[in-house]
There are 4 protein chains.
Amino acid sequence: MTGQEKVEARKIKILEAAAKVFAGKGFQDATISEIANAAGTSEATIYDYFATKEGLLFSIPLGPVQQLRETAEFHLRLIKGAANKIRAFLYLQLLFYRNNRDFASVLMLILKQNRRFLDTQAHKMIREFLKIFDHMIKEGMDSGEFRSDIDPYLLRSAGLGAIEHVTTNWLMLGQPDDDEFLGMIDPMIDTLIMGIQNIEETGICPLELSKIKKNKTGGDKK
Amino acid sequence: MTGQEKVEARKIKILEAAAKVFAGKGFQDATISEIANAAGTSEATIYDYFATKEGLLFSIPLGPVQQLRETAEFHLRLIKGAANKIRAFLYLQLLFYRNNRDFASVLMLILKQNRRFLDTQAHKMIREFLKIFDHMIKEGMDSGEFRSDIDPYLLRSAGLGAIEHVTTNWLMLGQPDDDEFLGMIDPMIDTLIMGIQNIEETGICPLELSKIKKNKTGGDKK
Amino acid sequence: MTGQEKVEARKIKILEAAAKVFAGKGFQDATISEIANAAGTSEATIYDYFATKEGLLFSIPLGPVQQLRETAEFHLRLIKGAANKIRAFLYLQLLFYRNNRDFASVLMLILKQNRRFLDTQAHKMIREFLKIFDHMIKEGMDSGEFRSDIDPYLLRSAGLGAIEHVTTNWLMLGQPDDDEFLGMIDPMIDTLIMGIQNIEETGICPLELSKIKKNKTGGDKK
Amino acid sequence: MTGQEKVEARKIKILEAAAKVFAGKGFQDATISEIANAAGTSEATIYDYFATKEGLLFSIPLGPVQQLRETAEFHLRLIKGAANKIRAFLYLQLLFYRNNRDFASVLMLILKQNRRFLDTQAHKMIREFLKIFDHMIKEGMDSGEFRSDIDPYLLRSAGLGAIEHVTTNWLMLGQPDDDEFLGMIDPMIDTLIMGIQNIEETGICPLELSKIKKNKTGGDKK
DNA sequence: AATGAATGAGGCTTCATTCAT
DNA sequence: TATGAATGAAGCCTCATTCAT
């Protein structure tokens, strides 16, 4: 390891320790001392890498968001159709949260409510990342895959809101458990997308409702 | 004003001041001294009414949630149809947030991320309040108004998540502005509900789920 | 009960409550609120009777010391011989402590270390009370019952010191238990008095002081 | 001075400052700020060394008691005879109090009345130290130097009680003054010891205990 | 005479941050 | 580059005490 690499490695160690401690106790209740302990360094060393406690907090997403973005871009390139892309996009996000619980906690429970975070490089990266979502919506509307009367902002809100709500619940309550957490995303996204798809375009309609209904609801009715 | 009333009035004044200050600066950055000032009392008096700073925070929702619940129950009694009820329920919530911005801030940006809040009387009230939502979903499914294959938890997540997301954005960014904020709720709810309505019932569109699923999975494989 | 008596009764109730609370938690950790509770009154009422918390503390001994003094004077009048009087005096003191544990705690553990207590009416009463002890010592020396070479101050110190030490131990440790506590006083006083009695006078033992001294000094030399 | 030594030196400085301030104003009326001032440090530094104000208080005796113990053990090794040892033991204690007035104040006026102090390392050291006294008493009784009918606990109480009483008086009243304070100890100890020495053993006086007892009881009856 | 209610004053304690080594 | 040690700044909370009723 070169000196440069060693420095980078330690920085990452600090960030991971910080994510863990912040996730566990919240920003205010976490102390630099605790983070230093968890990172195996001294408090002073942390200040060699980050100017302030809040600066450290705001640096946590830089790596993960970059990573998530690259993953998303890699996968999305292979997928056709706006609906499918959106499904994948949301799915990858949830998957990422599940695999990086500390980061998810920091992002959902701490950063999302910090006004100063809005002026941050990390927040800019997140905005950039979410533009992908907007593009996909636009793509779906342009291509006719989605109904033309939907409001992109609303779809975005519903999609991201649902993700956030589910993730926050998972983080706060531990329910549903890790496996179920991912399993639920598919039908949820279905429901969302169903509401916006252009039925003519998909060519699925006219549907024989009675059949579907019988199929699926039959049991319920009896 | 009797002595009892005066006490109650002062308590409410403190709670309102606390909501305002907490909303403005967050829990940790708010000081009791500031709240006392805003309430026109001394710090010590606040401790005559609330045992701790956090206890004060946790008491803020008690009044508003009660009020919101009564409003919702009053209106919902007059509405027929699960979809319409849900629309009204979500709308009333947003309306209430818009009219009680401080309370909304405290709830969305502070309390939602506090684990200890979960064990609170106020949180219990919120859970009770949201049961109304669950009942409405069940009602829609039982009556056949909603498709029977939706997962109630998911619908709940999407609905509340969207509300929270929109509200949080409004609080954090000031966008969209107050008027637009309410205006957007109608189409958003439409979109959501459209995804779950039973098409036979509404006579609009038969969706073929199997195809969508196939399509989706195919995409993932590529 | 006349009004005057009722007032007096309440005052006593407050003093007893105060003794109890002070004894249990010490002066600083006791609160007026607690004392008011224990006395069945309000805090404000306590201030109708006593000007300050410390004034209340300083008033606690007034009754008990008066009572102890009267008891002592009554009994001592019946006893002949300085040694016997001293024994009785010390015994009555211990008996009183045992029967008034809260008062003993307040006196031994709180008041004895308070410099301001020295300027107090209650302290003056205690000094007066202890003059009885000095008189008895003088009586014993004058009559020849005690050796003439003892230092009255020293005897006083040893006698009172032993009492205080035993009482303090009892209060702090609960050892020895209540019954044993009294039982031990007799032999202790014997030991003390034995050291000061004039053997010629009592006809028991021709104590050759010079030899004892020699002996003692001899020991040092070896 | 190495870093380690500097730290130790500062710790001692804080302890000395604390002893001084606590001695002067009592525990509750002393402030950390004052102690910090007296020690030439900041308040926060004190908390780097001691967890709480009370923890600081409880740490004060650690050094002095250790020192006193070593002194006592050194001197006692050179002395023969239980009476002489006891005299030396008590004398060294008083001498130590006189030379460390702040420590004496803290011990006699503050710590002795604190129940929590009983569970302290420092209190354990004191108990260990006083075991020396118990051993000496036992030694005197085993060797026949002391009468066999004395109760060791009582002798201990009388000895320590007298010391405490005299010391407390000196601390509270400033009387007798420093020089006299030490001068009085010799005759006081003589008096004490005279009461317990075995006269047969010393060959001085056949003390007829039965008679004394009779005498005493007779007095009570009259 | 009794008290419910209000408050001024102040201390302990915590940490983020700095700096000399 | 790393850190042990020091500290300034600040806030929560407690109560003795007062006063209007």
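Computed from a predicted structure; not experimentally measured. Quick note on labels: first sequence line is chain A, next is B, and so on, each numbered from 1.
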Trainee: Under 6.0 Å from the NZ atom of A/Lys13, do we count more than 12 heavy atoms belonging to anything else shown?
Mentor: no
Trainee: To the nearest Å, how far apart are B/Asp29 CG and F/dA9 P?
Mentor: 18 Å
Trainee: Using a 4.0 Å heavy-atom cut-off, does A/Ala30 contact any base of the nucleic acid, only the sugar-phosphate backbone, or nothing at all?
Mentor: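 If one applies the 4.0 Å heavy-atom cut-off, A/Ala30 turns out to touch the sugar-phosphate alone, with no base involved.
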Trainee: Starting at the 5' end of DNA chain F, which residue's closest nucleotide do you reach first, D/Ser42 or B/Ala44?
Mentor: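 Nearest nucleotide further toward 5': that of D/Ser42.
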Trainee: Please report, rounded to the nearest Å, how far the C1' atom of F/dT14 is from the CD1 atom of B/Ile32.
Mentor: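 Rounded to whole Å, this separation is 13 Å.
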Trainee: So with a 6.0 Å cut-off around NZ of C/Lys20, is the heavy-atom count from everything else above 12?
Mentor: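 No - once you tally the heavy atoms of other residues, nucleotides and ligands closer than 6.0 Å, there are 12 at most.
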Trainee: So which one's nearest nucleotide on DNA chain E is more toward 5', C/Glu43 or D/Glu54?
Mentor: C/Glu43
Trainee: What distance separates D/Leu109 CG from D/Phe27 CZ, expressed to the nearest 0.5 Å?
Mentor: 14.5 Å
Trainee: I need the minimum non-hydrogen distance between B/Ser42 and B/Ala36, along with the two atoms involved.
Mentor: C-CB, 3.6 Å
Trainee: To the nearest Å, give me how far apart CD (D/Glu8) and C1' (F/dG4) are.
Mentor: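 Atom CD in D/Glu8 sits about 16 Å away from atom C1' in F/dG4.
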Trainee: For the CD1 atom of C/Ile32 and the OG1 atom of C/Thr52, what is their distance to the nearest 0.5 Å?
Mentor: 8.0 Å
Trainee: In this structure, how many angstroms lie between the P atom of F/dT7 and the CD1 atom of D/Ile46, rounded?
Mentor: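 Result: 10 Å.
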Trainee: Nearest whole Å is fine: how far is F/dT3 C1' from A/Asn37 CG?
Mentor: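 Going from A/Asn37 (CG) to F/dT3 (C1'), I get 13 Å.
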Trainee: Roughly how many Å is it from CG in B/Asp48 to P in F/dA16, rounded to a whole number?
Mentor: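 Those two atoms, CG and P, are 13 Å apart.
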Trainee: According to the ring-ring contact (aromatic ring centres under 6.0 Å, His included) rule, which pairs have a member within residues 28-47 of chain D, sequence neighbours left out?
Mentor: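 Every candidate ring-ring contact (aromatic ring centres under 6.0 Å, His included) pair involving residues 28-47 of chain D fails, so no pair, neighbours aside, qualifies.
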Trainee: Please report the interatomic distance CZ(C/Arg115) to CG(D/Leu173), rounded to the nearest 0.5 Å.
Mentor: 9.0 Å
Trainee: Mind checking whether D/Phe58 and D/Phe117 have parallel, tilted or perpendicular rings, split at 30° and 60°?
Mentor: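 Geometry flag for D/Phe117 against D/Phe58: tilted rings.
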Trainee: Which residue, D/Gln28 or A/Tyr47, contacts DNA chain E at a nucleotide closer to its 5' end, judged by nearest heavy atom?
Mentor: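 Comparing both residues, the 5'-ward one is D/Gln28.
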Trainee: When you list every nucleotide of DNA chain E with an atom under 4.0 Å from a heavy atom of chain B, which one comes first 5' to 3', and which comes last?
Mentor: E/dA5 to E/dG8
Trainee: Rounding to a whole Å, what distance do you find between A/Arg10:CZ and F/dA2:P?
Mentor: 5 Å
Trainee: Need one value for A/Thr31: base, sugar-phosphate or nothing, where a base atom within 4.0 Å counts as base even if backbone is also close, heavy atoms only.
Mentor: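 Touches sugar-phosphate only.
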Trainee: Hey, does the side chain of A/Gln113 reach the backbone of A/Met108 with a donor-acceptor pair shorter than 3.5 angstrom?
Mentor: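 Yes, A/Gln113 side chain to A/Met108 backbone: donor-acceptor pair under 3.5 Å.
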Trainee: Can you list the stems that DNA chain F is part of, where a stem is at least 3 pairs in a row, each Watson-Crick or G-U, with both distances below 3.5 Å?
Mentor: E:2-21 with F:2-21
Trainee: Look only at the side chain of B/Glu43 and the backbone of B/Asn37, and say whether a donor-acceptor pair between them is shorter than 3.5 Å.
Mentor: no
Trainee: Using a cut-off of 4.0 Å on non-hydrogen atoms, how would the nucleic acid contact of D/Val7 be classed: base, sugar-phosphate, or nothing?
Mentor: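 Answer is sugar-phosphate: D/Val7 comes under 4.0 Å of backbone atoms only.
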Trainee: Please report, rounded to the nearest Å, how far the C1' atom of F/dT1 is from the CD1 atom of A/Ile14.
Mentor: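 Rounded to whole Å, this separation is 12 Å.
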Trainee: Where each residue is assigned the nucleotide of DNA chain F containing its nearest heavy atom, which of D/Tyr49 and C/Ala51 is assigned the position nearer the 5′ end?
Mentor: D/Tyr49
